[in-house]
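The block underneath contains the structure these notes are about, expressed in structure tokens.
Counting from 1, the numbers follow the sequence of the chain as shown. Whatever order the structure lists ligands and atoms in, that order sets their numbers, starting from 1.
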Amino acid sequence: MAIAEWRQKLQSGEVSSLELVNDQLKRIKLVDKSLHAYLQLEEDNARSVAKKIDEARSSGIDLPPLAGVPFAIKDNLCTKGVRTTCSSKMLENFIPPYESTVTKRLWNSGAVLIGKTNLDEFAMGSSTETSAFGATSNPWDLSRVPGGSSGGSAAAVASGLCMAALGSDTGGSIRQPASFCGVVGLKPTYGRVSRWGLVAFASSLDQVGPFTTNVRDAAEVLQVISGPDPLDSTCLDEPVPNFSEFLNDSIKGIRIGLIKECFNQEGISTEVKDSVLKAANQFKSLGAELVDVSCPRFNDGIATYYVIAPSEASANLARYDGVKYGFRAEDDESLTQMTSLTRANAFGSEVQRRILIGTYALSAGYFDAYYKKAQQVRTLISQDFLKCFKKVDLLLTPTSPTTAFKAGSHDNDPLSMYLSDLLTIPANLAGLPAISLPCGFDNLGLPIGLQLIGNVLGEQRLLQAAYQYEQAANVMKNCPEGNSIPR
Ligand code: GLN
């Protein structure tokens, strides 16, 4: 059910908020055994919030925009009094004493917390397999991954275990799982949304954004979570436009750039490429002008990211020392040994790998060769985008080089997993807004996602084009029969 449809049902009294919450919880119990999208449910809290909404409705009080919308929250967003684990043994018992800005804004808008969702440990991964609490499955095919790192949120939205969810995107963690699970995922402009209360991975790249079943809902959720925040100095002091305002407007005359380097790249499946090129034609028939553009440094994004992100992660994760937060290994010999054992025992191997890479890249003697170089390439990538946006309004690429892969298929080869973020990382490096939405299915019936990238603070245009495409292409209506999504 879309948010607007739900709002109408709630206001007319056709369905109460409590009924919806109970329905969701029942469904989660039925379906989530096989998916493991949720790490924990907030049943009592959800029911009591729902009751308050129902009371407000019957007494005729104006309801806030997301009243009664059941939400799933990635478990790296702090929720006051509700365990927030980052899918790590390190934070297994961590109960935040404060609420993240984005979730506070959701609750103030009437949204209902249903539960916290699974992720790759500390959001490092592309498959939700590095969670210390077990992997999440893809609802379209349980033997496959939902993508990552926000795989739990994507799977929950795809299989109707919440109406919308929040994730975080450092190198593609909203868009790639959205594409693997056949839902809409939006990474806003860096600084559009507050990071206060988001457990930091790579602070110059992290952004919070929505997962929804449709573009209009993404606009509605973005509306609520966006805007300046005195608690996050990187949050932009920019007015928030009405993101739904132009959704119905034609995209006639809008120029859409096809990045040459994304389509000629080895490793991008032909089915994915064909499906996105078909979508490009759909945009054209809606009146958009297709323009071939080049971002010569686009494919250097991965190498750049895998220096910058681990460097920032190594600094951010230094705080888990066994003293201030979370897990502490028992050892009386020395403080150093206690810290070292704590980190060796409570961080999984992918997190340890990132910390080691980052510490190395930042160390004296290597800093100039790796970290500084990566920052320089980052600037070049941003400049490539700037040049493109002189010629076009939006850029179109596939979201991910392939559809959802089999669980375990990248177990012994982290680099092959990193390649999965080839097409999403550049937007993070340049701080640009980007959205993934379904554009077709492969021959196995797995969803394919397209990515639209906008200019800085260009979310309105991005959502408008995505919405117009969604309405015209109607991809989910043409969903293959017999797929295994548990409905
Ligand atoms: N998959 C990428 C990584 O492993 C991106 C993760 C993210 O966006 N949080 O770093």
Any atoms of ligand 1 less than 4.0 Å from a non-hydrogen atom of [X]? List them with their elements.
| X | result |
| --- | --- |
| Gly172 | 8 (O) |
| Phe201 | 9 (N), 10 (O) |
| Ser149 | 9 (N) |
| Asp169 | 8 (O) |

Nearest neighbour in protein (non-hydrogen) for [atom]:
| atom | answer |
| --- | --- |
| atom 6 (C) of ligand 1 | Ser173 OG, 2.9 Å |
| atom 2 (C) of ligand 1 | Asp421 OD2, 3.0 Å |
| atom 10 (O) of ligand 1 | Tyr305 OH, 2.6 Å |
| atom 3 (C) of ligand 1 | Tyr306 OH, 3.2 Å |

For ligand 1, is any non-hydrogen atom under 4.0 Å from Lys74's backbone (N, CA, C, O), its side chain (CB onward), both, or neither? neither

Say whether [X], considering both its backbone and side-chain N or O atoms, lies within less than 3.5 Å of an N or O atom on ligand 1.
| X | result |
| --- | --- |
| Gly171 | yes |
| Ala123 | yes |
| Thr170 | yes |

If I compare all heavy atoms of Ser311 with all of Tyr371, which pair ends up nearest, and what's the gap? OG-CD1, 3.5 Å

Going by an N to O cut-off under 4.0 Å, is there a salt bridge joining Asp75 and Lys116? yes

Working to the nearest 0.5 Å, report the span between CG of Leu186 and OG of Ser436. 10.0 Å

Atom CG in Asn428, atom NZ in Lys187: separation rounded to 0.5 Å? 5.0 Å

Indicate yes or no: at least one non-hydrogen side-chain atom of Val183 is less than 4.5 angstrom from one of Thr212. no

For Tyr467, does the six-membered ring have the charged nitrogen or CZ of Arg216 within the cation-pi criterion, i.e. under 6.0 angstrom from the centroid and within 45° of the normal? yes

Indicate whether any N or O donor in one side chain lies under 3.5 Å from an N or O acceptor in the other, for Thr128 and Asn118. no

Does a donor on one side chain and an acceptor on the other come within less than 3.5 Å for Gln451 and Arg175? yes

State if Gly125 counts as touching ligand 1 under the rule of any non-hydrogen atom under 4.0 Å. yes

State if Met417 counts as touching ligand 1 under the rule of any non-hydrogen atom under 4.0 Å. no

Looking at Lys74 and Ser153, would you say the former's side chain and the latter's main chain have a donor-acceptor pair under 3.5 Å? no

